[in-house]
Participant: 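I'd like to ask you about the structure that follows.
This is a predicted model, so every value here is computed, not measured. Side chains included, hydrogens not; waters and symmetry mates left out as well; all remaining heavy atoms used. A, B, ... follow the sequence lines: proteins, then strands. Residue 1 opens every chain.
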Amino acid sequence: MSERRHITTAIFYCNGTPHVGSAYEALAADVFARYWRRRLGRGRVTFLSGTDEHGDKIRRAALAEDLAPKVYTDRMSALFREAWQGLGVSFDYFVRTTDPIHERFVQEMLRRTHENGDLYFRDYEGLYCVDCERFYPEKELSGGQLCPVHNRPVERISEGNYFLRIEKYREQVRDHIAKNPGFIRPERYRNEALNMLAEPLTDLCISRPKSRLDWGIELPFDSNYVTYVWYDAFWAYLSVPALAENPGDMDAAWRRAAELIACSEHFIGKDILKTHAVYWPPILMAAGLPLFRRLNVHGWLNFGGQRMSKSSGNVRDPVSYERAFGPDVLRYFVMRELVYGLDGDFSEERLVQRYNADLANDLGNFASRVLAMAQRYCQGEVRAVPGADLETNLQERVGRKIEELDFKGALEEIWLLIAEANNYIVETEPFKLAKDPANAARVEQILANLLEILRMLAGFLEPFMPVTSWRLFELLGLNPESDAAKAASGEGLKPGHRVKPPIALFPRIDRKPAA
RNA sequence: GGCGGCGUAGCUCAGUUGGUCAGAGCACGCGGCUCAUAUCCGCGCUGUCGCAGGUUCGAGUCCUGCCGCCGCCA
């Protein structure tokens with residue numbers, strides 16, 4: 001089958017540093033991407049993240065530090081890229097909206113949309129909030145002339161601008177959502193989207209006059225204007241990967257973009273549901289492209305019960321957690337603790353609890369005791385063919401849960417296997433049998449089975465905990481690259497294979513480390 | 001103003017279409033084992049499932065009202 005997936009995180013607006021909330025999104029998308037890579041093969045999956053670098057707010061932030069916008073965004077964008085890399089986020093593309101390739105693609109899109117006749121020019125006068133980068137109708141303003149979001153004065157601005165006809169596509173979009181239950185998920189967000197599409201839409205203003213703001217992509221048909229930042233940013237999902245293979249051939253790139261969007265799984269936060277459920281589909285249609293495959297909407301990550309945000313000052317640097325607790329720990333925590341789609345709470349105390357209970361006591365200790373026994377009773381050698389009676393459909397159950405975005409449930413399934421395996425040790429008592437040489441064969445069989453379970457665990461864990469998975473494969477004397485792929489298949493350990501002595505993968509944390 | 005969600009053991013939460021669903025994990029207590037990171041295994045513990053009514057043979061599970069949080073739209 002020619003099934004493909006194009007998985008994207010939001011294109012992060014880089015006027016601030018990455019925090020645990022944005023990391024959560026990148027991590028969820030990464031688990032999903034890693035899962036599909038194993039399922040479909042590397043060549044059939046692309047995974048993209050990136051930064052959104054145009055617009056007034058960025059220009060002002062740069063100005064405040066006395067920097068040229070591009071110099072400023074070079075720096076900010078690198079922070080995101082490095083943070084994701086530090087967390088093991090395995091993107092294939094990290095797209096910057098200031099990338100010349102992206103800009104070229106956006107201009108092509110503008111040309112096509114213009115030719116299709118869905119752009120028009122008109123004068124517009126309204127009350128504008130610089131921070132929101134949008135106009136407000138008078139009745140939405142709070143306290144007379146204040147922006148309802150930022151509580152600061154709006155400016156009256158009159159200017160000609162280009163608009164995109166989106167009301168024209170509203171019925172079509174609504175039908176699509178109504179007829180495709182999985183298109184927006186979880187379902188609560190699908191219902192909200194349908195609600196938003198119940199009333200007529202105001203056409204989207206997609207330009208800014210250069211006289212007011214020149215930090216943007218120039219319209220190919222009017223050099224006095226640049227695109228509005230939102231309109232530009234959506235296309236980061238497609239621009240660079242579409243042009244990557246055929247830098248010179250716009251028609252080929254356009255066909256590639258059509259393929260990519262049709263298999264796109266967007267991961268976004270609920271704050272940008274409207275832009276993605278209501279605006280993005282008509283924008284695509286106006287450009288003559290198919291719709292994306294799915295929108296996967298997640299909730300907020302609170303910190304100690306409070307909304308995590310730059311303004312409340314409780315943002316945390318996600319990478320510092322990896323440094324303090326070790327690789328994969330933040331990944332494990334947010335995937336295991338939070339229900340995708342719902343708001344969740346993040347706290348260091350919970351993280352330590354999870355770490356000790358699940359990682360140190362269950363997973364780490366299990367690996368340790370199995371490898372120790374293999375060493376002590378079999379000199380680190382596999383001496384029997386692992387039993388065929390081992391759990392076989394776990395693979396399927398875990399996979400289904402990941403596809404449904406039930407990351408928490410998938411991990412619970414995996415931990416059930418650890419519990420069963422621990423139980424198996426208690427029931428069979430290999431450490432007792434080993435005291436009598438007559439039981440050697442039985443002990444060797446039990447250990448072969450246990451090592452095989454460890455091997456399967458290493459495979460199941462890879463999407464969630466890539467470093468841990470890697471280490472487990474190494475401890476098992478296997479090659480993380482080549483052997484990981486067959487982890488869950490029947491190709492298990494063979495007699496004669498040697499494994500290594502245990503190391504403490506997750507040392508218990510007795511006191512809170514200074515993070 | 002309109003629409004929607006949430007409120008279940010000390011803590012964090014699961015709970016499909018109404019009938020062994022009153023649950024899981026953590027924490028706590030007792031017992032077992034000693035291969036293992038004082039880890040593992042077994043048993044136990046606490047709840048009027050926000051409040052008040054209603055439908056039903058039977059309701060966390062449906063309906064109404066109320067209280068307390070929180071979203072979205074306008």
Participant: Give the nucleotide from the list B/U34, B/A36, B/C72 with an atom nearest to the side chain of A/Met196.
Facilitator: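 The closest nucleotide is B/C72.
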Participant: Would you check, one step at a time, whether the test ring pair (Phe, Tyr, Trp, His ring centres under 6.0 Å) holds for A/Trp280 with A/Trp230?
Facilitator: CA-CA 10 Å; A/Trp280 183 217; A/Trp230 276 4; over 10 Å; no
Participant: Would you say A/Asn296 and A/Arg185 are linked by a side-chain donor-acceptor pair, where the criterion is simply a distance under 3.5 Å?
Facilitator: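 On atom types as modelled, these side chains qualify, holding a pair under 3.5 Å.
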Participant: I want to check a possible cation-pi pair here: A/Arg190 against A/Phe183, using under 6.0 Å from ring centre and within 45° of the ring axis as the test.
Facilitator: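 No, a cation-pi geometry is absent between A/Arg190 and A/Phe183.
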Participant: Sticking with atom P, work out how far B/C45 lies from B/A22, rounded to a whole angstrom.
Facilitator: 15 Å
Participant: In whole angstrom, what separates A/Met373's CE from B/U37's C1'?
Facilitator: 14 Å
Participant: Which of these nucleotides, B/C3, B/C72, B/U34, is closest to any side-chain atom of A/Glu192?
Facilitator: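 Closest nucleotide among those given: B/C72.
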Participant: Here's a test for you: under salt bridge (Lys or Arg N to Asp or Glu O under 4.0 Å), which of A/Glu462, A/Glu396, A/Glu403 qualifies with A/Arg39?
Facilitator: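 So the option named by the test is A/Glu403.
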Participant: Quote, to the nearest angstrom, the P distance that separates B/G19 from B/G60.
Facilitator: 10 Å
Participant: Flag the pair A/Glu413 and A/Lys401 as a salt bridge only when some basic side-chain nitrogen lies within less than 4.0 angstrom of an acidic carboxylate oxygen.
Facilitator: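 Yes, A/Glu413 and A/Lys401 are salt-bridged.
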Participant: Between B/C35, B/U37, B/C33, which nucleotide gets closest to the side-chain atoms of A/Phe506?
Facilitator: B/U37
Participant: Looking at every strand, decide which applies to A/Pro507 at a 4.0 Å heavy-atom threshold: base, sugar-phosphate, or nothing.
Facilitator: base
Participant: How far, in whole Å, is B/G53 from B/C13 if one measures between their P atoms?
Facilitator: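 29 Å, rounded to whole Å.
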Participant: Given B/C35, B/G71, B/U12, identify the nucleotide with an atom nearest to the side chain of A/Arg350.
Facilitator: B/U12
Participant: So which one's nearest nucleotide on RNA chain B is more toward 5', A/Glu199 or A/Ser368?
Facilitator: A/Ser368
Participant: Any strand is fair game: report the nucleotide pairing with B/C73 by Watson-Crick or G-U wobble, both distances under 3.5 Å, or none.
Facilitator: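 Pair assignment: B/C73 / B/G1.
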Participant: Now, which nucleotide makes the Watson-Crick or G-U wobble pair with B/C43, with each of the two distances under 3.5 Å?
Facilitator: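 B/C43 is paired with B/G29.
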Participant: Taking a pair as Watson-Crick or G-U wobble with both distances under 3.5 Å, which nucleotide is matched to B/C51?
Facilitator: B/G65
Participant: Compute whether any side-chain donor of one residue and acceptor of the other, for A/Thr468 and A/Asp328, lie under 3.5 angstrom apart.
Facilitator: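 A donor-acceptor contact under 3.5 Å links the two side chains.
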Participant: To the nearest Å, give me how far apart NZ (A/Lys432) and P (B/A36) are.
Facilitator: 15 Å
Participant: Rounded off to whole Å, could you give me the CD-to-P distance for the A/Glu413 and B/G25 pair?
Facilitator: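 From A/Glu413 CD to B/G25 P: 14 Å.
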Participant: Side chain of A/Lys408 only, please: which of B/A74, B/C13, B/U37 is the nearest?
Facilitator: B/C13
Participant: By the rule that syn is within 90° of 0, classify the base conformation of B/G32 as syn or anti.
Facilitator: anti
Participant: Could you work out the separation of B/U8 and B/G1 based on their P atoms and round it to a whole Å?
Facilitator: 28 Å
Participant: Atom CG of A/Leu454 and atom CG of A/Leu371: how far apart are they, to the nearest 0.5 Å?
Facilitator: 5.5 Å
Participant: Could you work out the separation of B/C41 and B/A27 based on their P atoms and round it to a whole Å?
Facilitator: 12 Å
Participant: Can you tell me how far P of B/C13 sits from CH2 of A/Trp415, to the nearest Å?
Facilitator: 20 Å
Participant: Can you check the A/Gln353 CD to B/C13 P distance for me, whole Å?
Facilitator: 12 Å
Participant: Taking B/G7 as the reference, what is the distance to B/U17 when you measure between their P atoms (whole Å, please)?
Facilitator: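 Pairwise P distance, B/U17 against B/G7, rounds to 15 Å.
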Participant: Please assess A/Trp415 against A/Phe366 for the test ring pair (Phe, Tyr, Trp, His ring centres under 6.0 Å), listing each intermediate value before the final yes or no.
Facilitator: CA-CA 11 Å; A/Trp415 254 253; A/Phe366 173 69; over 10 Å; no
Participant: Please classify the nucleic acid contact of A/Glu337 as base, sugar-phosphate, or nothing, using heavy-atom distances under 4.0 Å.
Facilitator: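 Result for A/Glu337 = sugar-phosphate.
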Participant: Of all the nucleotides listed (B/A14, B/C35, B/C3), which has the minimum atom distance to the side chain of A/Val339?
Facilitator: B/A14
Participant: Can you check the distance between B/C21 and B/U64, where both ends of the measurement are the P atom (answer in whole Å)?
Facilitator: 28 Å
Participant: Would you mind reading off the distance between A/Arg354 atom CZ and B/C26 atom P, rounded to a whole angstrom?
Facilitator: 8 Å
Participant: Both distances under 3.5 Å, Watson-Crick or G-U wobble: report the partner of B/U17, or none.
Facilitator: none
Participant: Counting only Watson-Crick or G-U wobble pairs whose two distances fall under 3.5 Å, which nucleotide matches B/A22?
Facilitator: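 Result: none.
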Participant: Taking B/G65 as the reference, what is the distance to B/G58 when you measure between their C1' atoms (whole Å, please)?
Facilitator: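 After rounding to an integer number of Å, I get 23 Å for this pair.
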Participant: From A/Ile261 CD1 over to A/Thr8 OG1, what is the distance, rounded to the nearest 0.5 angstrom?
Facilitator: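 Here the interatomic distance stands at 8.0 Å.
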Participant: Calculate the interatomic distance between A/Glu412 atom CD and B/C13 atom P; express it in whole Å.
Facilitator: 14 Å
Participant: Nearest-Å distance, CG (A/Leu359) to P (B/U37)?
Facilitator: 17 Å
Participant: What's A/Leu273 touching, base or sugar-phosphate or nothing? Going by heavy atoms closer than 4.0 Å.
Facilitator: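 The residue A/Leu273 makes no contact with any strand.
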Participant: One thing to verify: whether A/Arg350 and A/Glu337 come together as a salt bridge, which I'm taking to mean a side-chain N less than 4.0 angstrom from a carboxylate O.
Facilitator: yes
Participant: Measure all distances between protein nitrogen or oxygen atoms and nitrogen or oxygen atoms of nucleotides 38-42 of chain B, and list the pairs falling under 3.5 Å.
Facilitator:
from: B/U39; atom 1: OP1; to: A/Arg508; atom 2: NE; distance (Å): 2.8
from: B/U39; atom 1: OP1; to: A/Arg508; atom 2: NH1; distance (Å): 3.3
from: B/U39; atom 1: OP1; to: A/Arg508; atom 2: NH2; distance (Å): 3.4
from: B/U39; atom 1: O5'; to: A/Arg508; atom 2: NH1; distance (Å): 3.4
from: B/U39; atom 1: O2'; to: A/Asn361; atom 2: O; distance (Å): 3.3
from: B/U39; atom 1: O2'; to: A/Asn365; atom 2: OD1; distance (Å): 3.3
from: B/U39; atom 1: O2'; to: A/Asn365; atom 2: ND2; distance (Å): 2.5
from: B/C40; atom 1: OP1; to: A/Asp362; atom 2: OD1; distance (Å): 3.4
from: B/C40; atom 1: O2'; to: A/Arg369; atom 2: NH1; distance (Å): 3.1
from: B/C41; atom 1: O3'; to: A/Asn423; atom 2: ND2; distance (Å): 3.4
from: B/G42; atom 1: OP1; to: A/Asn423; atom 2: ND2; distance (Å): 3.3

